[in-house]
Amino acid sequence: MSRAFFVTTPIYYANAEPHIGHTYTSVVADMLVRWHRQRGDDAWSVSGTDEHGEKMVEAAEKRGVDPAAFTEKISQLHQHTWAELDLVPSAFVRTTDPRHVRNVQEILQRVWDAGWIELREYEGLYCVGCERFLTERDMVDGLCRDHERAPETRRETNYFFLMSREFGWLRDHIQANPEWIAPERYRNEVLGMLRDASGLGDLSISRPKSRLAWGVELPFDRDHVCYVWFDALISYLTGAGYPDDPKFPERWSAAEHLIGKDILKPHAIFWPIMLKAMGLAPYRRLHVHGYWNVDDRKVSKSLGNMISPLAMRERYGFEPFRYFLLREMSFGLDSSFGEDALVERVNADLANNLGNLVSRALNLVEKGFDGVVPPATTAFDADRHVMQRAIDTVQRVDAAVGALQPSQALAAILDYASDLNRYIDERAPWKAGKSEPGSEAKELAGTTLHNACEGLRVIALLLAPFLPEAARGIATRLGLDDLIGRSRLPNDAMAWGQVPAGTRVAKGAALFPRLEKPAE
Ligand code: MSP
């Protein structure tokens, strides 16, 4: 029976066009879904747009349009971008979608009925950027740490979700499940927040409609709308088919969330306790990544350095950009994006290493063996070594994906490409060019190229979740058009000998043309 796999990206605020931060998470989610499908798992993914709250109202007002029209436009832009980049999730949830609104209201009612919500008077410092009241720890010199703007003093009657009841339970859950939040530094950060709970308390989950009308109405008090984070987190359930899709329970039991480090608190603290209040189990895992800085500066609208994925596709092709994102960032840490660095890395890894391997191996098959994969007739140490290295590589990649370290997985694949290049260099099969068929030199050259093609098949299979187009390109050149569709990871990558002798290859155009650095 196939296993369920379910991954989410955050749902992106519908006030900004897709940028490098969104693209990174969507690429990682897409890679994981492809990886699991390649394993035969039943994989599902959710992404979407977060459309309620004051931030949207502010942005819409600035442009003189109403929030519904404004968020509709940005949401469309997101959907268009992900479709163009072949990053379409299984379900795309808009928080304005009536099905989602129904879920939020049904959940609010249930949590209210169960006594988890209370009406209170509240005064505090509110940051519109964060869409929440701040605590001391959220501020530096009187300004919001994340948004560098002064919060406003606000006094309101709010409904509070009685979250603090469960901090003890949450701490125990985190302690009993060391891998629940990864990498470990973020797990420690959450334990730190829980240890010093002065920055935490119960969660205000309503806004009076007199101040903010753009949101989901509380079903038990129509004068208030729901706090945007409470509404947004529930999108993960909506996207998984909550409440009545027969696959919902299975998907939920496999739920893994991908988030950036700035939204750790809502995901690691609010969300598990919300789920508990609803009577649902916690998600399976939370994976937290760092920030992309651009040319060593923070990404921001005012600096205009958000990096549009469509512009990157236009300039370099999307897969080189996708490769750079996955290869450069060590998941969990911050990374720096720069176009020079992208060009250098892509040229070194893809054009010079992997691309060159494909073109020289197939060129040699075309020149020396009429374009037909020769049989392997001998097995010396070097031949056995490339076979063994294929197995090691599959294991390294499998472990790296399991630990959510895409950069290490790609490093392992590229190391294997280097090995194969070296193997060809040492054997120099081109020297056998004019030797008689059946001669020792010709047999050895045939074996070398056979194994190189076989190694390339393994690379194509392992690479497919990371660079689907390039993987298909390798498969087609190897004369194995349906390779990706019919193969399963890890077994087919481990099993040597699936490029039959006699297969006709076609070198074709360069798989990864060299990129040019941008002009100064
Ligand atoms: N709408 C909320 C998420 C709600 S999830 C129930 C939100 N949206 S966002 O559009 O502001 O951010 C979406 C994701 O992009 C977050 O994970 C955030 O960390 C990520 N990034 C935004 N800028 C980023 C970088 N410069 N680098 C990497 N990721 C960053 O938060």
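Residue numbers start at 1 and run along the sequence shown.
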Under 3.5 Å: donor-acceptor pair, side chain of [X], backbone of [Y]:
{"X": "Asn158", "Y": "Phe160", "value": "no"}
{"X": "Trp44", "Y": "Ala4", "value": "no"}
{"X": "Asp141", "Y": "Leu143", "value": "no"}
{"X": "Arg171", "Y": "Arg195", "value": "no"}
{"X": "His19", "Y": "Gly21", "value": "yes"}
{"X": "Asn305", "Y": "Lys298", "value": "yes"}
{"X": "Ser308", "Y": "Ala311", "value": "yes"}
{"X": "Arg313", "Y": "Glu84", "value": "yes"}
{"X": "Arg63", "Y": "Ala59", "value": "yes"}
{"X": "Gln38", "Y": "Ala464", "value": "no"}

[atom1]/[X]: more than 12 non-hydrogen atoms of other groups inside 6.0 Å:
{"X": "Glu184", "atom1": "CD", "value": "no"}
{"X": "Arg297", "atom1": "CZ", "value": "no"}
{"X": "Gln76", "atom1": "CD", "value": "yes"}
{"X": "Glu123", "atom1": "CD", "value": "yes"}
{"X": "Glu17", "atom1": "CD", "value": "no"}
{"X": "Asp196", "atom1": "CG", "value": "yes"}
{"X": "Glu121", "atom1": "CD", "value": "yes"}

Are the side chains of [Y] and [X] in contact, using a 4.5 Å heavy-atom criterion?
{"X": "Phe6", "Y": "Trp252", "result": "yes"}
{"X": "Phe331", "Y": "Tyr24", "result": "yes"}
{"X": "His257", "Y": "Trp271", "result": "yes"}
{"X": "Ile413", "Y": "Val397", "result": "yes"}
{"X": "Arg207", "Y": "Tyr126", "result": "yes"}
{"X": "Tyr122", "Y": "Ser204", "result": "no"}
{"X": "Val104", "Y": "Cys226", "result": "yes"}
{"X": "Val28", "Y": "His289", "result": "no"}

How about [X] and [Y]: does a side-chain donor come under 3.5 Å of a side-chain acceptor?
{"X": "Ser335", "Y": "Glu328", "result": "no"}
{"X": "Asp202", "Y": "Ser164", "result": "yes"}
{"X": "Thr8", "Y": "Tyr283", "result": "no"}

Do the charged groups of [X] and [Y] touch, with an N to O distance under 4.0 Å?
{"X": "Asp50", "Y": "Lys55", "answer": "no"}
{"X": "Glu58", "Y": "Arg149", "answer": "yes"}
{"X": "Asp245", "Y": "Lys247", "answer": "no"}
{"X": "Arg187", "Y": "Glu179", "answer": "no"}
{"X": "Lys261", "Y": "Glu189", "answer": "no"}
{"X": "Arg154", "Y": "Glu54", "answer": "yes"}

From [atom1] ([X]) to [atom2] ([Y]), nearest 0.5 Å:
{"X": "Gln405", "Y": "Leu410", "atom1": "CD", "atom2": "CG", "value": "11.5 Å"}
{"X": "Leu326", "Y": "Phe321", "atom1": "CG", "atom2": "CZ", "value": "10.0 Å"}
{"X": "Thr71", "Y": "Leu77", "atom1": "OG1", "atom2": "CG", "value": "12.5 Å"}
{"X": "Gln175", "Y": "Leu170", "atom1": "CD", "atom2": "CG", "value": "10.0 Å"}
{"X": "Lys209", "Y": "Arg222", "atom1": "NZ", "atom2": "CZ", "value": "7.5 Å"}
{"X": "Leu87", "Y": "Thr81", "atom1": "CG", "atom2": "OG1", "value": "9.5 Å"}

Quick one: closest heavy-atom pair of [X] and [Y], and the distance?
{"X": "Pro89", "Y": "Val46", "value": "CB-C, 4.2 Å"}
{"X": "Pro18", "Y": "Pro309", "value": "O-CD, 3.3 Å"}
{"X": "Glu51", "Y": "Ala14", "value": "CG-CB, 3.9 Å"}
{"X": "Phe70", "Y": "Met56", "value": "CD2-O, 4.0 Å"}
{"X": "Tyr159", "Y": "Ser206", "value": "N-OG, 2.7 Å"}
{"X": "Cys144", "Y": "Pro151", "value": "N-CD, 4.3 Å"}

Test applied, side chain to side chain donor-acceptor pair (under 3.5 Å); reference residue, Ser75; option that passes from Gln79, Lys73, Glu72: Gln79

I'd like to know whether Thr23 forms a side chain to side chain contact (heavy atoms under 4.5 Å, CB included) with Trp292, so could you lay out the CA-CA distance, the side-chain angles of the two residues, the decisive distance to 0.1 Å, and finally the verdict. CA-CA 11 Å; Thr23 311; Trp292 282 99; over 6 Å; no

Aromatic rings Trp169 and His173: how do their planes relate, parallel, tilted or perpendicular, breaks at 30° and 60°? parallel

His36 and Phe5 aromatic ring geometry - parallel, tilted or perpendicular at 30°/60° bounds: parallel

Verdict with supporting geometry, Asp97 and Thr238, side chain to side chain contact (heavy atoms under 4.5 Å, CB included): CA-CA 10 Å; Asp97 178 342; Thr238 303; 5.8 Å; no

Centroid-centroid under 6.0 Å between Phe324 and Tyr316 rings: no

Determine whether Asp86 and Arg34 satisfy the following criterion, salt bridge (charged side-chain N to carboxylate O under 4.0 Å, His left out), listing intermediate values before the conclusion. CA-CA 12 Å; Asp86 203 8; Arg34 289 176 195 269; 3.4 Å; yes

Assess the residue pair Thr25 and Thr9 against the criterion (side chain to side chain donor-acceptor pair (under 3.5 Å)); give the C-alpha distance rounded to whole Å, side-chain angles, the decisive distance to 0.1 Å, and a yes or no. CA-CA 6 Å; Thr25 328; Thr9 75; over 6 Å; no

Below 3.5 Å, can you tabulate the donor-acceptor pairs from side chains in residues 227-236 to any protein atom, sequence neighbours excluded?
residue, atom, partner, partner atom, Å
Tyr227, OH, Glu131, O, 3.4
Asp231, OD1, His100, NE2, 2.7
Asp231, OD2, His52, ND1, 2.6
Ser235, OG, Ala232, O, 2.5
Tyr236, OH, His267, NE2, 2.7

